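What you see is a predicted model, and the numbers here were worked out from it, not measured in a lab. Worth knowing before you read on, the calculation uses all heavy atoms, side chains too, and leaves out hydrogens, waters and symmetry mates.
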Amino acid sequence: MSDALVSLRNIVKTYRRGQQIVPVLAGVSFDIEAGAFLALMGPSGSGKSTLLNLIAGIDRPDSGQLIVAGEEIGNLDEADLADWRARNVGFIFQFYNLMPVLSALENVELPLLLKDMPRRERTERARLALEMVGLADRADHAPSELSGGQQQRVAIARALITDPTLIVADEPTGDLDRESANDILRLMQRLNDEIGKTIIMVTHDSRAAGHAHAIMHLEKGELSGREDVRA
Amino acid sequence: MLLALIFRNAFRHRLRTLLTMVGLAVAILAYGLLSTVISAWYAGADGASGARLITRNSISLVFPLPITYREKIRQIDGVRAITLANWFGGVYKEPKNFFPQFAIEPESYLNIYSEFRLTDEERREFLRDRKGCIVGAKLARTYGFKVGDTITLQGRVFPGNWDFVIRGIYTGRDAKTDVSQMLFHWDYLNETLKKRWPGRANEVGVYVVDIGDSARAAEISRAIDIQFKNSNAETLTETDRAFQLGFVSRTESIVVAIRLVSYVVIFIILAVMANTMAMTVRERTAEYATLKALGFSPLFVILLIYGESLAIAAIGGGVGIAATFPVAALFAKTLGKFFPVFDVSSTTVGLQMLWALLVGLISAFFPARRAARVKIVDGLRSIG
Ligand SMILES: Nc1ncnc2c1ncn2[C@@H]1O[C@H](COP(=O)(O)OP(=O)(O)O)[C@@H](O)[C@H]1O
Ligand SMILES: [Mg+2]
């Protein structure tokens with residue numbers, strides 16, 4: 001079967017809260033094809049972020065098989081998993097998570113430090129990425145000097161810079177006004193359309209989800225439906 | 001970029017970092033000054049005669065040592081010369097006329113106590129006359145003694161009347177030299193004792209040992225005392241200065257107290273700095289988690305935290321060390337009369353660097369460990 005980019009089989013995840021065991025994902029299975037732009041929807045606490053974190057390799061399932069970009073990532077040790085993330089995953093967070101002491105350009109350049117690349121090439125690439133998100137003129141600004149929408153665009157440039165297999169975005173517009181949110185969503189659409197990036201986006205906002213090509217619904221740790229979006 | 005991250009992070013909370021640095025600078029400065037005071041203390045104590053040891057009976061000064069010890073001590077490694085002295089304790093005319101009198105071995109004694117100055121003629125005359133004596137200039141002034149006078153002392157420790165002819169009046173090399181003593185031939189005392197009380201002959205009050213190198217004082221003192229351990233007359237050897245002032249016992253507790261204070265100062269700044277680092281790192285939990293999510297290793301995060309802590313420690317400590325020299329110079333100016341020597345030693349500077357480094361390392365230890373261990377998802381959740 002699997003030429004799927006992401007393949008989940010019977011993924012179970014529980015959290016421990018003191019003595020209590022909280023089931024979050026109760027045996028989730030699905031595939032995501034390369035080139036998809038998928039929105040993960042569901043009410044708050046339904047396990048969307050947990051699922052996304054598993055796919056992005058920053059958390060581990062209790063059981064089940066999790067293959068992403070050809071790697072059974074549940075079997076990797078911490079160091080290999082970190083390398084794997086650096087190669088395969090671009091992150092977009094709700095609160096941007098830029099380094100406050102670095103300029104926009106430096107923030108974008110940051111992941112390239114892991115790439116053993118000459119400094120000039122790093123800077124050049126970072127400039128290109130900033131240009132792609134329309135912020136070439138803000139390269140030297142600190143994050144605090146940028147609006148939320150601009151910060152998120154810097155974050156997108158940072159997610160793109162290593163040319164990852166997969167981009168994960170957890171509520172990327174959750175902290176933005178409608179207009180900035182639309183800018184960000186259109187930018188993500190372009191990444192998907194024009195350079196074929198696979199994007200998985202968690203959101204509880206159906207208008208945001210409408211920008212994706214497919215929507216998956218999660219309810220109480222189980223998939224409750226999958227639909228295609230026709231623009 | 002790594003360095004940029006470290007330094008910009010360090011100065012992110014400018015006031016907090018500055019206060020920590022000032023605290024560290026003050027602590028390192030205080031430590032340096034206190035260490036210098038301690039060194040100065042010891043320098044003052046044995047600067048004059050640290051190269052001279054006094055060996056006495058370990059029970060008490062009133063108990064003598066056998067004359068046979070002289071050759072044994074002379075054999076000990078590091079001993080350059082040895083002489084001896086006996087407290088005489090006589091009275092001149094009336095009991096209120098008291099001054100220190102010592103029976104000495106003239107040639108060796110005057111060689112070792114080179115601060116006692118005689119003319120060549122006086123010296124020759126003194127050495128020649130077995131019943132001769134010399135008196136200090138101050139003593140001579142007090143009693144109107146002149147060269148050639150005969151003085152009679154009534155012995156208290158050694159009863160009877162003892163006659164001496166003054167063969168010289170010694171002066172001091174500098175203001176610190178004691179010029180109020182009377183010195184005469186130990187041979188004269190000993191020969192007389194042999195006749196009158198043979199049991200008290202051939203005994204010495206103290207030996208004075210010239211060791212040349214004051215740095216070896218402790219080691220050689222120990223060697224001497226070990227030599228006579230478990231003998232009839234065990235010895236106690238200490239530096240001339242310490243002996244004369246009873247210095248060590250009285251000052252040791254002060255030195256210990258000062259040293260303790262200097263450690264307390266370091267400990268306090270360690271607590272302050274550790275708190276700063278803990279606070280700083282906790283606030284950045286999400287940032288460190290983000291770095292790890294991007295693929296940076298826990299080691300990278302540890303490096304950032306240690307780097308920041310060490311940068312603060314280096315700057316604060318560096319300022320403190322740099323400030324030590326002018327402040328010590330100021331101290332020396334105002335306290336010069338108490339401390340003849342007040343220099344910041346390289347050992348002190350080395351210790352200051354070491355403490356600053358340790359404060360930086362220890363402060364980073366727990367925050368770095370925590371930041372490295374925290375799970376990415378937990379770290380990211382600590383936002384907003
Ligand atoms: N690190 C964690 N420790 C304990 N409980 C957690 C943790 N992460 C998530 N949870 C719990 O798991 C459930 C699902 O969380 P999450 O995946 O963040 O939901 P969503 O993103 O859909 O709002 C919630 O009940 C949440 O409280
Ligand atoms: Mg969520």
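- Side-chain N or O atoms of B:Arg8 include none that pairs as donor or acceptor with a backbone N or O of A:Pro100 at under 3.5 Å.
- Open room surrounds CZ on B:Phe7; 12 or fewer heavy atoms of other groups in view lie less than 6.0 Å from it.
- The contact between B:Phe296 and chain A is made by backbone and side chain atoms together, counting heavy-atom distances below 4.5 Å.
- Heavy atoms from other residues, nucleotides or ligands lying under 6.0 Å from CZ of B:Arg12 number more than 12.
- The side-chain heavy atoms of A:Met99 and B:Asn9, taken from C-beta on, include no pair separated by under 4.5 Å.
- For the pair B:Ala293 and A:Phe91, the tightest heavy-atom approach, listed with the atom from each and the gap, is O-CE1, 3.2 Å.
- Here the straight-line distance linking atom OG1 of B:Thr290 with atom CG of A:Asn97 works out to 3.5 Å at 0.5 Å rounding.
- Other residues, nucleotides and ligands contribute only 12 or fewer heavy atoms inside 6.0 Å of the CD atom of A:Glu124.
- Counting heavy-atom pairs closer than 4.5 Å to chain A, the top residue among B:Lys375, B:Met1, B:Arg284, B:Lys292 is B:Met1.
- Side-chain contact check for B:Leu380 versus A:Asp170: every heavy-atom pair is 4.5 Å or farther apart.
- Looking at A:Leu110 and B:Leu291, their side chains come closer than 4.5 Å, going by heavy atoms from C-beta outward.
- Among the candidates B:Leu5, B:Leu299, B:Leu2, the residue making the largest number of heavy-atom pairs closer than 4.5 Å to chain A is B:Leu5.
- Heavy atoms closer than 4.5 Å to chain B are found in the side chain of A:Arg158, but not in its backbone.
- By the 6.0 Å contact criterion, CD on B:Glu283 is enclosed, its count of non-hydrogen atoms from other residues, nucleotides or ligands being greater than 12.
- Within a 6.0 Å radius of NE2 in B:His13, more than 12 heavy atoms belonging to other residues, nucleotides or ligands are found.
- A:Tyr15 OH: more than 12 foreign heavy atoms inside a 6.0 Å radius.
- A pairwise comparison of heavy atoms in B:Gly295 and A:Ala86 identifies CA-CB, 4.2 Å as the closest pair.
- Heavy atoms closer than 4.5 Å to chain B are found nowhere in A:Leu81, neither backbone nor side chain.
- Ranked by heavy-atom pairs shorter than 4.5 Å toward chain B, the options A:Gln94, A:Glu78, A:Arg85, A:Arg122 are led by A:Arg85.
- Counting only heavy atoms from C-beta outward, the side chains of A:Val101 and B:Glu287 never approach each other to under 4.5 Å.
- Counting heavy atoms of neighbouring residues, nucleotides and ligands inside a 6.0 Å radius, atom CZ of A:Arg178 exceeds 12 of them.
- Residues of residues 112-120 of chain A that come within less than 4.5 angstrom of chain B, heavy atom to heavy atom, are A:Leu113, A:Leu114 in numerical order.
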